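Everything on this sheet refers to the single structure shown next.
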Amino acid sequence: MHTNITSYIFVLMKLTEYFVPTLKEEPADSVIPSHKLMVRAGMIRQLTAGVYSYLPLGLKVFKKIENIVREEMNAIGGNEFYLPALSPNELWHQTGRLEDYGDDIFRIKNRELVLAPTHEEVFTSIAKPNLISYKDLPKIWYQIQTKFRNEARPRGGVLRGRQFTMKDAYSFDATWEGLDESYNKNDKAYRNIFTRSGLKFFVVSAFSGAMGGSKSEEFMVETEAGEDNVALSEDNSYASNVEVAVSYCETVARKNSNLSLEEFHTPDIKTIDELAGFLGITDKSRLAKSRVFVIPGKEEKDNKYVEVLVCGDDEVNETKLHNIFSGIRAAHPDELSEITGADAGSIGPVGVEGKLKVIADLRLKEADELISGANKNDYHVKNIDLKRDVPGIEYFDIRTVKEGELTLDKNSKLRITKAIEVGHIFKLGTKYAEALGAKYLDKEGKEQVIIMGSYGIGIERIAAAYIEQNYDKDGIIWSGEISPFHVQLICVNTKLENVKQKADSIYNDFIKLGIEVLYDDRGDISPGFKFKDADLLGMPLHVIVSEKNLKNDEVEVKIRRTGERMKIPLAEINSKIPELLKNIN
RNA sequence: CGGGGUGUGGCUCAGCCCGGUUAGAGCGCCUGGUUCGGGACCAGGAGGUCGGAAGUUCGAAUCUUCUCACCCCGACCA
């Protein structure tokens, strides 16, 4: 499938022979800049929701990214595979993921097959009969392949599609120390890949969610188009997905006034804000927000219920909650009133023992004089002392961090921003090897389960993320290794014999120099049109050959990113252009 | 899955509320000519079952119902 990589890289092209359908107007179906620009620059076209055709220019960029990925994976000893996208339902059933993935997996209607969204199972099925001795380990196996996910809502063009290219790698180790090593190798490869791709990225620790396993880190690119909220410290010492981020936060101080509980009437008060307004106070930290969650049992009667308390100015972080109680979900409104006797807005921690387990955020650990719902509609209770009034209460970190809070070491402030995930590395552990029975014999001849890691990169996402970080009002701004071409050579007037001849000869010189050049040799197109197209396509350097410059034995060169222009004598082109390119990249 | 929106030549859209000749514009495309350093100009031309189905009506792009597709926000999810 990917036999001759260099053939993609050293393709030299004349625009008269190349299919690059640029668009002057913005496509109606796109919203984010990278999507608009990839369509306008003739890189991609949508076929149906979340599914894109890759046109020659887009494919060239994707192949360059793949090549970087391939080089870096090979550099850490990775073996490249190419596995089928079709795989039997049975294999997925064995690990329980046929069920776990649910509607997100594409199923073939007339065979018991799925279109694979990832390849842990298939790789493990190859490992099982072949990696059977400690001598066979460790291994890093990977592929660059099309993945299929039935995304509920594809968006952002190629940023979240139903069909996309992924580099997925898997490590197989005999020991946990070995897994650490494999993980670190992949981590290093990833840093190289994203650096070479020209991305400004950062790494966050992340909850591994449906994948199972322990440690996992995401490689993120900051962009407005991102789908994840991340907390970054201003000194760059801390980066974390908001789902798991922590901050330094003052606890609610204990007053030790020992006032007794007091119920009071709060007609139609449903929210913390309304309650604060009703009481005429601005500090909401003592208005304890109560939310009820359910841990579903085998049958409904086995359900367990948890009341979660956070400060009124905080939000419950459901991911953190999941990490404490797996399978937990928010209670439905009817469940709420059934369990507590009140509707949302009037629920509180007092008098619920036996019915509900109560947990509270760490900020509330010492708190007294709290106000919360009375478990009776339109009533609240004041002077709640959690230690005194809520027997069996436990404390966890279950709040969501907020912009401007201090890092745990108090050295820096957090800001919350949006980012797109371009890569993810996991320490999977033994989940898949266990489920599929992939074992090896150790030195003592004892059977052991293979320990796995899993490492993914979205190829098209890298391109889209790059564009999100590198564009202006005129178009894309390419630079570095993933730029489809180094130079766009513009022949301003193809009708003038001497201009055309000179441009042709420069084109041929560039080929000899190994410069990748996109040559705009189109006739019947006005100079302005060519300049606009060149800006849209965004090659790092534009070399402009025109009659007026040739009179002085010069060409004009424009640096796309800065707009800087300069004249270069014809005699110096072959030395100057490579030099300029070096400085840009 | 919940909410909102949009489907009219290749592209971007107007027309629809308030039904009435051959359904429009700009861009693109074809022919000829003039242009040629920031998406040129003139003249001529091709191209549309108005997403689909059913209905109301003398008459439907326009009204009604159903349906399909796509986009956005959210939910969900790597």
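Predicted model only: the values in this text are computed from it and were never measured.
Every residue two or more places apart in sequence or in another chain that forms a ring pair (Phe, Tyr, Trp, His ring centres under 6.0 Å) with A:Y507 is listed here: A:Y519. Here A:R565 pairs with A:I544, A:E556, A:K558 under the side chain to side chain contact (heavy atoms under 4.5 Å, CB included) rule; sequence neighbours left out. Partners of A:F219 by ring pair (Phe, Tyr, Trp, His ring centres under 6.0 Å), not counting sequence neighbours, listed by chain and number: A:Y190, A:F194. Remark: A:E121 pairs with A:R97 by the salt bridge (charged side-chain N to carboxylate O under 4.0 Å, His left out) rule, at least two apart or across chains. Taking the side chain to side chain contact (heavy atoms under 4.5 Å, CB included) definition, one finds that A:E564 meets it with A:I559, A:T562, A:M566, sequence neighbours left out. Partners of A:R399 according to the salt bridge (charged side-chain N to carboxylate O under 4.0 Å, His left out) rule, which considers only residues two or more places apart in sequence or in another chain, are A:D314, A:E405.
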Check: protein-nucleotides 30-37 of chain B nitrogen or oxygen pairs below 3.5 Å:
{"from": "B:C36", "atom 1": "O2'", "to": "A:N493", "atom 2": "ND2", "distance (Å)": "3.3"}
{"from": "B:G37", "atom 1": "N7", "to": "A:S546", "atom 2": "OG", "distance (Å)": "3.4"}
{"from": "B:G37", "atom 1": "O6", "to": "A:S546", "atom 2": "OG", "distance (Å)": "2.0"}
{"from": "B:G37", "atom 1": "O6", "to": "A:N549", "atom 2": "ND2", "distance (Å)": "2.4"}
{"from": "B:G37", "atom 1": "N1", "to": "A:E556", "atom 2": "OE1", "distance (Å)": "2.7"}
{"from": "B:G37", "atom 1": "N2", "to": "A:E556", "atom 2": "OE1", "distance (Å)": "2.6"}
{"from": "B:G37", "atom 1": "N2", "to": "A:E556", "atom 2": "OE2", "distance (Å)": "3.1"}

Donor-acceptor pairs under 3.5 angstrom involving side-chain atoms of residues 23-31 of chain A: please list them, not counting sequence neighbours.
{"from": "A:E26", "atom 1": "OE1", "to": "A:K36", "atom 2": "NZ", "distance (Å)": "3.3"}
{"from": "A:S30", "atom 1": "OG", "to": "A:P27", "atom 2": "O", "distance (Å)": "3.2"}

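The distance between atom CZ of A:R329 and atom P of B:C76, rounded to the nearest whole Å, is 13 Å.
For A:R40, the listed nucleotide lying nearest its side chain is B:G39; candidates were B:G39, B:C77, B:C70. Checked against B:G38, B:A69, B:C72, the side chain of A:T48 finds its nearest nucleotide in B:A69. Checking B:G39, B:C77, B:C71 against the side-chain heavy atoms of A:D104 singles out B:C77 as nearest.
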Protein proximity profile, nucleotides 6-14 of chain B - base contact B, sugar-phosphate-only contact S, no contact -, cut-off 4.0 Å on heavy atoms: -----BSS-
